[in-house]
Amino acid sequence: MPASPYRGSWRLAGRFWPTVRDDPADAEAISHKLSVRAGLVRQLAAGLYTVTPIGLRVIQRVEAIIREEMDRIGAQELLMPVMHPAEIWEATGRYGLSEQFRLEDRSGRKMVLGMTHEEIITWHAARELRSYRDLPQSWYQIQTKLRDEPRPKSGMLRVREFTMKDSYSFDADEEGLERSYQAHSEAYARIFDRAGLTWYRVESDVGMMGGSGAHEYMAPSSAGEDVVARTADGSYAANVELAVSKAVDPDFGEAPSAPEPFDTPGIGSIDELARFTGQHPATLAKSVVVVAESGPVLAMVRGEHQVHEKKLAHVIGPHRAAHAEEIRQWFGADPGSLGPVGVDPGTVRIVADLTLERGHYVTGANRDGVHLRGVVLGRDFQAEAVDIRTVLPGEQAPGGGGALELVPVIEIGNIFKLGTKYSDPLGARYLDEAGTERTIIMGSYGIGPARVAMAAIEQGHDDDGIIWPAGIAPFDVHIVLIGDHDSPQAEYATALWSELSDLGLQVLLDDRPGLRPGEKFVEADLLGCPLRVTVGKRTLPDGPLEVQARATREKTELPLEGAAEAIAGLWRGIAGG
RNA sequence: CGGGACGUGGCGCAGCUUGGUAGCGCACCUGCUUUGGGAGCAGGGGGUCGCGGGUUCAAAUCCCGCCGUCCCGACCA
């Protein structure tokens, strides 16, 4: 049994720590490769992972930071079931979502596995909170969520079962919600700073949560699935799903008094059209046909832009791409020669990006191999002018903060102003001072601890392994013992381990017998604790003791006298005091 | 859900085209030597080749179906 007299410190001999030499064959993301190689996680099935004892240390350190910061803003921890009666989800119209795991109990009662807990916490709030005197409240939990993801991927980054810190605020009015939202915003900043991440707070889409305002917390990483548009100074930052920008207008020149048809044989794409006409793509309009529930929609953006599906969906609702035959039927031409002029507004709804309100454009003529030039919105066709395009890097941010860059990010947390989306259908109401019944105003706030850990790996690694931020490393100090159990080095290393632990550090002592020094060094690099101390024959009897910082590889030689204090000092330097 | 790839000792892979004794590296076990950056020698254990069906005298290999996993896209608090 490995002795561990100090909370948080480990002797390694006899512990389960399954490292591997090779990258797993099916891993792509760096955090996926390294989390498996460093023995932090093991896969059970697609999107299902077991966390090993040493991996759990990292997760628990993230969770400890979260608990401290949530408690600091007065949030209270509780714990709700993962399995819920379906009726509660039916009440908010969220029963039957495609990602929801559904089942029946033995008596045939419909149940669901929780993908989140808005419904459940609101159900409780509706029963327990009655008076303005009961408000405000902030409740949180760190609990398992289950989502039947269409495509689990990238190791622990996108999984079907994971733990989430989710909190919920209950306020009497909008001002109260604003305070709760602000408190969470400040707590989140401290949490992600303490976890050692580079992160952005960005405006986000309210999505399926509904509500009136939302921000996402994003860690930049090439493994990220979301994209943020931001200025270099950070004054503007938004998920591309809703990012806006000032497009650069080309020199349109004079518009002809009416659209002029011209032949464009065999031209099917904007690139080809730009080459054929010698005009800048920004003077060409792209026409995309989709089918919404109400019928066909022609969506138009400038040639250099892309239609953003989510933005479009905000305007026209759920939709799909149109089939070739449908397009023929509605427009009398094939994709490549489509345009808005002459289209019957009774059959086809036309939505045009805001950029098209300026200038005149080349569009398809709805005759194969023919385009029109000089097409003007408002004069030659009517359309709803709306924002449906994706911003491009280099375009100017709306606030004057400069040019936008597009960066891939991992979503590590989010905060939502829910308003009454859940409290209303679930009947969470209270009586105000005047005795009037009012609906409770809610917010919800999430963080994925495992994503925080994986983002830290994405942002901190080199060819040899992980470089943990001091705040969430599995250990503060990793002692590599070179020598047998009964050697003087072992005796010294064990004493040093105790001494460092007494100083409040979490220390890993690699006292595994029979391993070669090289293997221990390689695995220490893989694991990536901030400081590595080597105790070998060179150390004794007179020193020096070698300490290496994982991040910089900087080596420090310490005299044996006062070594533990000196190491603690080095650690404080790395951890930021 | 569309497209693509892969499934062979614990891990990483070869063998499949052209059917005929299941192989390599690492890991593992034993012994000796070694011990400050994934050791050397010798010996050894471990695989119904994802599952089911078919073709054949004979299937890891050919055919059909299914399952699993990964990647791209769609999707996605």
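Values in this document were obtained by computation on a predicted structure and should not be read as measured data. Throughout, protein chains are lettered first and strands after them, A, B, ... in sequence-line order, and every chain is numbered starting at 1.
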note: A:E216, atom CD; B:C76, atom P; distance rounded to Å ~ 13 Å
(message) Within 45 degrees of the ring normal and closer than 6.0 Å to the centroid, is that where the cationic atom of A:R201 sits relative to A:Y188?
(response) no
Rounded to whole Å, the CD-C1' distance (A:Q548 to B:G36) equals 12 Å
Assess the side chains of A:D166 and A:Q143: does a donor N or O sit below 3.5 Å from an acceptor N or O? no
Taken to the nearest whole Å, OH/A:Y49 to C1'/B:U69 is 10 Å
Between CG of A:L540 and P of B:G36 the distance, given in whole Å, is 15 Å
To the nearest angstrom, the CD1-P distance between A:I482 and B:U34 comes to 18 Å
task = Give one of base, sugar-phosphate or nothing for A:E411, where a contact means two heavy atoms less than 4.0 Å apart.
result = sugar-phosphate
Separation of B:A27 atom P from A:R37 atom CZ, nearest Å, is 15 Å
Looking at every strand, decide which applies to A:S487 at a 4.0 Å heavy-atom threshold: base, sugar-phosphate, or nothing.
nothing
B:U17 -> Watson-Crick or G-U wobble partner, both distances under 3.5 Å, gives none
A:I467 backbone acceptor or donor facing A:D462 side chain under 3.5 Å = no
* Asked: Under 4.0 Å between a Lys/Arg side-chain N and an Asp/Glu carboxylate O for A:K421 and A:E118?
  -> no
In whole Å, measure the gap between the C1' atoms of B:C66 and B:A27 for me.
33 Å
Closest to the 5' end of RNA chain B, once A:N414 and A:V522 are matched to their nearest nucleotides, is A:V522
ask   = Going by distance alone, is a donor N or O of one side chain under 3.5 Å from an acceptor N or O of the other, for A:E119 and A:T92?
value = yes
Exercise for review: Would you classify A:Q43 as touching base, sugar-phosphate or nothing, given that sugar-phosphate means primed atoms plus P, OP1 and OP2, and contacts are heavy atoms under 4.0 Å?
Suggested key: sugar-phosphate
* To do: Classify the side-chain pair A:K165/A:S167 by whether it contains a donor and acceptor separated by less than 3.5 Å.
  => yes
Below 3.5 Å between N/O atoms, which protein atoms pair up with nucleotides 6-8 of chain B? Just atom names and distances, please.
none

Taking B:C71, B:U69, B:G36 as options, the one with an atom nearest any side-chain atom of A:E546 is B:G36
The salt bridge (Lys or Arg N to Asp or Glu O under 4.0 Å) partners of A:E304 (sequence neighbours excluded) come to A:R302
In Watson-Crick or G-U wobble terms, with both distances under 3.5 Å, the base opposite B:U56 is none
Any strand, both distances under 3.5 Å, Watson-Crick or G-U wobble: B:U34 pairs with none
Between A:P150 and A:T534, whichever has its closest RNA chain B nucleotide further toward 5' is A:T534
Rounded to whole Å, the CZ-C1' distance (A:R320 to B:C1) equals 14 Å
Original post:
Under the 6.0 Å and 45° cation-pi test, does A:K145 pair with A:F162?
Top reply: no
If pairing means Watson-Crick or G-U wobble with both distances under 3.5 Å, then the partner of B:C75 is none
When both distances are under 3.5 Å in a Watson-Crick or G-U wobble arrangement, the nucleotide paired with B:G7 is B:C67
When rounded to the nearest Å, what value does the distance between P atoms of B:G45 and B:C29 take? 15 Å
- [ ] Using the C1' atom on both, measure B:U8 against B:C41 and round to a whole Å.
- [x] 30 Å
Open item on the list: Using the C1' atom as the point on both nucleotides, what is the distance between B:C51 and B:G7, in whole Å?
Closed with: 11 Å
- Query: Does a side-chain N or O from A:K153 land closer than 4.0 Å to OP1 or OP2 of B:C72, or not?
  - Reply: yes
Does A:Q489 make a side-chain N or O approach to OP1 or OP2 of B:G36 shorter than 4.0 Å? no
Fill in: Salt-bridge criterion met for A:E99 and A:R147 (N-O under 4.0 Å)
no
- If we take the C1' atom in both B:U48 and B:A22, what is their distance in whole Å? 13 Å
Original post:
What orientation do A:F192 and A:W199 show, parallel under 30°, tilted 30 to 60°, or perpendicular over 60°?
Top reply: tilted
Q) So does A:R151 reach the base of B:G2 with its side chain, donor to acceptor, closer than 3.5 Å? A) no
From CZ of A:R532 across to C1' of B:G37 the rounded distance in Å is 8 Å
Expressed in whole Å, how much space separates the P atoms belonging to B:C16 and B:C57?
-> 24 Å
Contacts satisfying side chain to side chain donor-acceptor pair (under 3.5 Å) that involve residues 480-490 of chain A (not counting sequence neighbours) are none
Inspect the contact between A:D464 and A:R553 and indicate whether a charged nitrogen and a carboxylate oxygen are less than 4.0 angstrom apart. yes
Could you give the distance separating B:U61 and B:G20 at their P atoms, to the nearest angstrom? 10 Å
Report which part of the nucleic acid A:A45 touches: base, sugar-phosphate, or nothing (heavy-atom distance under 4.0 Å, all strands).
-> sugar-phosphate
As its Watson-Crick or G-U partner within any shown strand, both distances under 3.5 Å, B:U48 has none
Grab the N/O contacts between the protein and nucleotides 12-16 of chain B below 3.5 Å, and write none if there aren't any.
residue: B:G12; atom: OP1; partner: A:A25; partner atom: N; Å: 3.4

With distance as the sole criterion, is a donor-acceptor pair present between the side chains of A:H117 and A:Q141 under 3.5 Å? yes
Contacts of A:A322 meeting side-chain contact (heavy atoms from CB on, under 4.5 Å) (sequence neighbours excluded), chain-then-number -> A:V289, A:V291, A:E326, A:I327, A:W330
Polar pairs (N or O, both sides) under 3.5 Å between protein and nucleotides 39-42 of chain B?
residue: B:A39; atom: OP2; partner: A:R516; partner atom: NE; Å: 2.9
residue: B:A39; atom: O4'; partner: A:R516; partner atom: NE; Å: 3.3
residue: B:A39; atom: N9; partner: A:R516; partner atom: NH1; Å: 3.1
residue: B:A39; atom: N7; partner: A:R516; partner atom: NH1; Å: 3.3

Which value, in whole Å, describes the distance between the C1' atoms of nucleotides B:G65 and B:G23? 30 Å
Next on the checklist: Is the distance from the ring center of A:Y168 to that of A:W139 below 6.0 Å?
Outcome noted: no
